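Take a look at the structure set out below.
Computed from a predicted model, the values in this text were never measured in an experiment.
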Amino acid sequence: MYRYDRNRFFRLFTILFFSWIEVTISIYGQMSERLYQSDFRIDPDRKGELRLETDNLSFFKNNEFSNYFMKGYTLPGFWIQPKFVYYPLENVKLEAGIHALCYWGADAYPNSAYQDIAKWKSDRYQLGCHLLPYFRAQMNFSDNVTIVLGNLYGGANHRIIEPLYVPELNLTADPETGLQLIWQAPAVQLDAWVNWDSFIFYRDYHQEVFTVGLSSRLQVNRPESSIHVYFPIQGLIQHRGGEMLEIESGLAQTLLNGAAGVGFVWNANRKVLKNIELESEIAGYYQHSGSLWHVDNGTAFYARTAIQLTDFRIKTSFWKSKDFMSLFGYTFYGAASSCYENLTCPSHRLIHWGAEYSHTFGKGYSIGFNVGSAPCQLNIAIHSGKDIQ
């Protein structure tokens, strides 16, 4: 049965993301919730509806990094997802469409799995945009348990801390695909998933890659309590291999990141001051197999705080690490440079600050601005196998 809803027939998420010398501190922030996260709940009243929806995120992001670990770059563009959404049952939702990523000034795009800025391949490319099919099958088994197959509720929905997953990937990465379990209960929130980053065929020339993730939050009390206390636990495992490939010793790789800590939120709910957040984690890295990185294990400490003032947010964070490597975070959180070969930094002490503004005009319509500091090194010891010019 098809139902025409004038107010919801064409739903366009119009978002402007702008930054100077930008480093986003908090993945749990108001801006992330308004601009990046998707609502996974199924409305049982929509049973039998067939809808045409379009999700869009437009962005202009400028990174000015003046350090030995990352080169600066600019991301001007947008992604768009036109799709049909069908509710055959009260607890089932099906979505089918396409995902297109476009950068202003680009007319050819390399054919590969996109995580950040893709490497150019002159022999394999698409014209016009980076285009992918989009399909999601979702079922609620109860009020608390949801299973997703196909395109996942990824990115900011996982609520991974920034040193392990940089929010910029909400702009540049391909939609995650695989299998996902979401469990929402008053005391526990859990998100577990498998993202199949790269599929291989028989006698293929590249490795199979998949990522297993877990993000959970144990809640002492309700989030709207005057003082909300919670314990975040997060883990990421990425495997690169493939049994159908003849892989040389050391090329099969299994890498792990994890974090656990405690968070506090004071819900002031005043006219201007809305809340104050404080959170800290102990993070770890482990190279279970392979030799992708020069260190096999490391540790880190992360602390962040944020003050929410109506639609404005002021934030800062501190990062201290020893032989740490991040799977999906910025390079300067890790112990190796992406600019210079053999350049390593065993220990880091970084401090960041920033401010953001985000506003929702109506359901599905938001705008956001974000400005922040480049990473400020409190102390650093650099080791290089060659001279740096």
Side-chain angles (χ1 to χ4, degrees), residues 1-17 30-60 77-104 109 114 126 128-141 143 145-159 167 169-182 184 191 193 195-196 358-368:
M1 179 179 181
Y2 179 84
R3 299 179 185 177
Y4 177 78
D5 185 339
R6 180 177 181 181
N7 294 326
R8 301 178 183 273
F9 181 75
F10 188 76
R11 180 169 59 95
L12 180 63
F13 285 44
T14 304
I15 302 162
L16 175 66
F17 185 80
Q30 189 78 359
M31 183 170 169
S32 175
E33 294 174 0
R34 289 177 174 175
L35 273 66
Y36 298 148
Q37 292 186 12
S38 302
D39 188 356
F40 64 87
R41 294 171 296 180
I42 297 178
D43 185 351
D45 294 335
R46 291 180 175 173
K47 176 184 175 181
E49 286 188 6
L50 174 64
R51 303 158 61 88
L52 173 63
E53 298 183 354
T54 300
D55 292 350
N56 160 252
L57 194 152
S58 301
F59 52 86
F60 185 91
F78 68 93
W79 59 251
I80 189 168
Q81 290 176 358
K83 58 189 176 182
F84 287 100
V85 182
Y86 179 54
Y87 298 83
L89 301 172
E90 293 182 351
N91 63 330
V92 176
K93 181 169 72 170
L94 304 175
E95 302 175 55
I98 59 173
H99 173 89
L101 172 67
C102 300
Y103 292 119
W104 304 120
Y109 296 77
Y114 283 27
Q126 294 176 326
C129 64
H130 176 59
L131 192 65
L132 295 171
Y134 188 93
F135 179 81
R136 175 189 290 152
Q138 176 180 349
M139 175 178 286
N140 289 351
F141 283 88
D143 293 339
V145 179
T146 299
I147 296 291
V148 180
L149 186 64
N151 286 102
L152 311 181
Y153 292 97
N157 278 73
H158 297 319
R159 300 197 297 184
L169 297 181
N170 290 285
L171 313 180
T172 61
D174 288 342
E176 296 177 28
T177 53
L179 177 65
Q180 184 175 29
L181 167 66
I182 301 173
Q184 298 281 307
D191 179 11
W193 69 96
N195 176 32
W196 215 265
S358 62
H359 182 73
T360 298
F361 297 96
K363 186 176 181 181
Y365 293 83
S366 300
I367 188 170

**Prompt:** With sequence neighbours left out, what residues match Pro44 under side chain to side chain contact (heavy atoms under 4.5 Å, CB included)?
**Reply:** Glu90
**Request:** Report the residues that fulfil side chain to side chain donor-acceptor pair (under 3.5 Å) with Asn157, sequence neighbours left out, ordered by chain and then residue number.
**Result:** none
**Item:** Ser38: partners by side chain to side chain donor-acceptor pair (under 3.5 Å), with sequence neighbours left out
**Value:** none
**Which residues share a side chain to side chain contact (heavy atoms under 4.5 Å, CB included) with Ala96, sequence neighbours left out** = Phe135
**Request:** If the plane angle is over 60° it's perpendicular, under 30° parallel, otherwise tilted; pick one for His130 and Tyr114.
**Result:** parallel
**Request:** Before giving the answer on side-chain contact (heavy atoms from CB on, under 4.5 Å), spell out for Tyr87 and Arg51 the whole-Å C-alpha distance, their side-chain angles and the decisive distance to 0.1 Å.
**Result:** CA-CA 9 Å; Tyr87 298 83; Arg51 303 158 61 88; 3.7 Å; yes
**Message:** In the structure I gave you, are the side-chain heavy atoms of Phe40 and Gln184 within less than 4.5 Å of one another anywhere?
**Reply:** yes
**Request:** Would you please name every residue forming a side chain to side chain contact (heavy atoms under 4.5 Å, CB included) with Ile147, sequence neighbours left out?
**Result:** Phe141, Leu179, Leu181
**Request:** State, to 0.1 Å, how close Tyr36 and Ala156 come at their nearest heavy-atom pair, and which atoms those are.
**Result:** CB-CB, 3.5 Å
**Prompt:** What's the shortest heavy-atom distance between Ser358 and Leu35, and which atoms?
**Reply:** CB-CD1, 4.2 Å
**Passing option when Asn140 is tested against Val92, Val145, Ile42 for side chain to side chain contact (heavy atoms under 4.5 Å, CB included)** = Ile42
**Message:** Which residue is it: Arg41, Lys47, Arg46? I am looking for the one with a side chain to side chain contact (heavy atoms under 4.5 Å, CB included) to Asp43.
**Reply:** Arg46
**Request:** Check whether any side-chain N or O of Gln126 sits under 3.5 Å from a backbone N or O of Leu131 as a donor-acceptor pair, and report yes or no.
**Result:** yes
**Close side-chain approach of Asn195 and Thr177, heavy atoms under 4.5 Å** = yes
**Message:** Can you list everything that forms a side chain to side chain donor-acceptor pair (under 3.5 Å) with Asn151? Sequence neighbours excluded, please.
**Reply:** none
**Message:** Going by side chain to side chain contact (heavy atoms under 4.5 Å, CB included), name the residues that satisfy it together with Pro133, two or more places apart in sequence or in a different chain.
**Reply:** none
**Residue pairs, two or more places apart or on separate chains, that pass salt bridge (Lys or Arg N to Asp or Glu O under 4.0 Å) and touch residues 92-104** = Lys83-Glu95, Lys93-Glu95, Glu95-Arg136
**Prompt:** Where the side chain of Gln180 meets the backbone of Tyr153, is there a donor-acceptor pair that is under 3.5 Å apart?
**Reply:** yes
**Prompt:** Is there a side-chain contact (heavy atoms from CB on, under 4.5 Å) between Trp79 and Cys129 once you walk through the steps?
**Reply:** CA-CA 9 Å; Trp79 59 251; Cys129 64; over 6 Å; no
**Asked** Asp143: what forms a side chain to side chain donor-acceptor pair (under 3.5 Å) with it, not counting sequence neighbours?
**Response** none
**Tyr134: ring pair (Phe, Tyr, Trp, His ring centres under 6.0 Å) partners, not counting sequence neighbours** = none
**Fill in**
Rounded to the nearest 0.5 angstrom, the OH-OH distance for Tyr109 and Tyr103 is 8.0 Å
**Message:** Working to the nearest 0.5 angstrom, can you tell me the gap between Asp174 CG and Leu132 CG?
**Reply:** 5.0 Å
